[in-house]
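Okay, so here's the structure we're looking at.
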Amino acid sequence: MGGDLGSRVATLLEAEAWVGSLVGIDVDPPRRRLRRAEFHLIPTHERDRMVDVITEFNPHVVVHLSVWEPESRASPRSAKTYTAQATTAILGAAAECRALEAIVHRSGTEVYGRARWAPTRPDEATRLDPTCEFGRTLASIEVTAAAVAKRAGVAVGAMRLAPVLGPHVPSPLGRLLRQPMVPFSALADSPYAVIEDIDAARAFVAAAARRLDEPVNVVAPQAVTMLQAILRGRRIPWPIVGPEWVLTRQICKILGAPIPDHVLELMHRGRLADGSRIEELLGITPLASTPEVIDRLHAWESVVRIVPDRSAVPGSVA
Amino acid sequence: MPAQVVQLPRRRARRPTGSVALDAPQATSSEPRPPSLVRPLPFLSRWYSVDDWGRDETLIRALGPLAWLRWDVSVGGQQHVPPSGPALLVANARRFSLSTVYASWALSREIGRPVRFVGRPDIAPIGPFMRRIGALLSSPAEVTTALRDGELVMISAKPTNHPRLVGAIDHELITGAVLHSTPVLPVATVSAPIGRATRVEVGPPVPRGKLRRGPLAEVELADATQHRLQKMLDELGGSRTGVAPLDWLGES
């Protein structure tokens, strides 16, 4: 509930009539004003505290968003550790709750992998075959959640999100695209789709309300390639071929926009998914298409300037 | 001592141009957008983009004159292609003729809908390039997903050396059409190794045979489509370049 996506979901859940009370856990304080929700600041390694909070609350629905994308807020190794700790604690505690009806958890289109002859637009029935570390992490969450749901006899909905972009979402892809000069694969400028954080949050709320009991791809319509995204944002394209990528990744890391392996895979092999079932399963459609999300990504200002309002000071001249 | 209230100057947040409000989760795309500092280049927004499957209409249009230098395609029977919804088109193929490429491009132009063709390799740089010009992987799952999404998909029979013989049709690629009750249309293509004159003729949907519960349905449908294609090719005759030796060469 502390991160951008989590607090956005919490804000939407507070506005839902079917939601009675709401409790959230995170390692960071909420980034938005929450009016009804109760928040607990608990690090991921304090499993006992998490279990106590969750079992005491005894929820009907658990929305598990504690997934750290590599190089978003933590290094790949730390991201994997935090995600594993949070998943074990939250899903383990959820299984102990008698009132539990459904688990909704975050996953991603990375679980399908981009191996040779992998489908261009995998649908929900496609076999999971992750080919990057983040994909393997997400796939393990799906396996754990499915096992917990089976033992507890509750519904489990996996939200396979495309890369989430938003004004305050820490995303390695978004950070890279906003650099003045952006590398892309000259030999394979493959297409990919993304999702805006607002649409991702709406999908979570709809899944919780409907007690979703199967995976769903949450993907904005249409697609862009890396070169198209770069040109739309008036950045300088930096074509890269083969072994130059090793050096490029190091340079980008020094410049503050590291490229984790799942983003590199996206740039080389593309990342599309069939999102045609989102309306059938969740009753919503993404509001922004992929090119629109990319355009908004480039439109967000780096610094929000605040000027003093001197007209409010008594005796001052406006 | 009387209490003193010190009023600090209030700070007015200037809404940044192009920013998105933090607490606006219900924002919709229909709302007027604030002007942005970094606007996408207008010509890029309009036509430099790929569709859901990575097909680049701009690139195909750009390659049009180049394709015209090689193929002067005349299309017939396009009224059989449904104006909306999925359909599986099955074309014959002479070896190295790229029949699915010119047939899908010509049909797309005639009917105003993208026609995707099957048969791209999955290796850079050829694979990504062919994806941009509308190619899909030659996999039953890929064809099935595209048909379920309401796309027009063209597959080809096994290539033959003789231009008027139809090769076998991979029944596994037809599975999606059987599962989703999609019409299967034969597409006869005639071209010559030398010469630009090319013909693409779309036939009416191939009628289904007996109602089958298993994979015999697609095997029988593939056979029926092959027979229909052969009949269409026989009716079309051979290629006519106007130079008899070249025509003989094409028939050999």
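Because only heavy atoms are used, hydrogens play no part in the values below, and waters and symmetry mates are left out as well, while side chains stay in. Within every chain, numbering begins at 1; the chains are lettered A, B, ... in the order of the sequence lines, protein sequences first and strands thereafter.
- Only the side chain of A:R114 has a heavy atom closer than 4.5 Å to any heavy atom of chain B.
- Both the backbone and the side chain of B:R120 come within contact range of chain A, with heavy atoms under 4.5 Å apart.
- Of the listed residues (A:V224, A:D123, A:D199), the one with the most heavy-atom contacts under 4.5 Å to chain B is A:D123.
- Side chains of A:L165 and A:E196 form no contact here, defined as non-hydrogen atoms less than 4.5 Å apart.
- Between A:L173 and A:M267 there is no side-chain heavy-atom pair separated by less than 4.5 Å.
- Of the charged side-chain nitrogens involved, none lies within less than 4.0 Å of a carboxylate oxygen, so that A:E124 and A:R160 do not count as a salt-bridged pair.
- Interface residue B:P128: only side-chain heavy atoms are found under 4.5 Å from chain A.
- In this structure, the side chains of A:L282 and A:M159 come closer than 4.5 Å at one or more pairs of heavy atoms.
- A cation-pi contact links A:R121 to B:W53, judged by a cut-off of 6.0 Å to the six-membered ring centre and 45° from its axis.
- Here A:A223 is the residue among A:P119, A:A223, A:S7 with the most heavy-atom pairs under 4.5 Å with chain B.
- With sequence neighbours excluded, the residues that form a ring-ring contact (aromatic ring centres under 6.0 Å, His included) with B:Y102 are B:W71.
- Side-chain contact check for A:D4 versus A:R8: some heavy-atom pair is nearer than 4.5 Å.
- Contacts of A:W245 classified as ring-ring contact (aromatic ring centres under 6.0 Å, His included), with partners at least two apart in sequence or in another chain: A:H268.
- Contacts from residues 167-177 of chain B to chain A, taken as heavy-atom pairs separated by less than 4.5 Å, involve no residues at all.
- In this structure, the side chains of B:H80 and B:Q78 stay at 4.5 Å or more apart for every pair of heavy atoms.
- Contacts from residues 143-156 of chain B to chain A, taken as heavy-atom pairs separated by less than 4.5 Å, involve B:T145, B:R148, B:D149 in sequence order.
- A:E14 and A:R35 are not joined by a salt bridge, as no carboxylate oxygen comes within less than 4.0 angstrom of a charged side-chain nitrogen.
- A:R235 places a side-chain heavy atom less than 4.5 Å from the side chain of A:R178.
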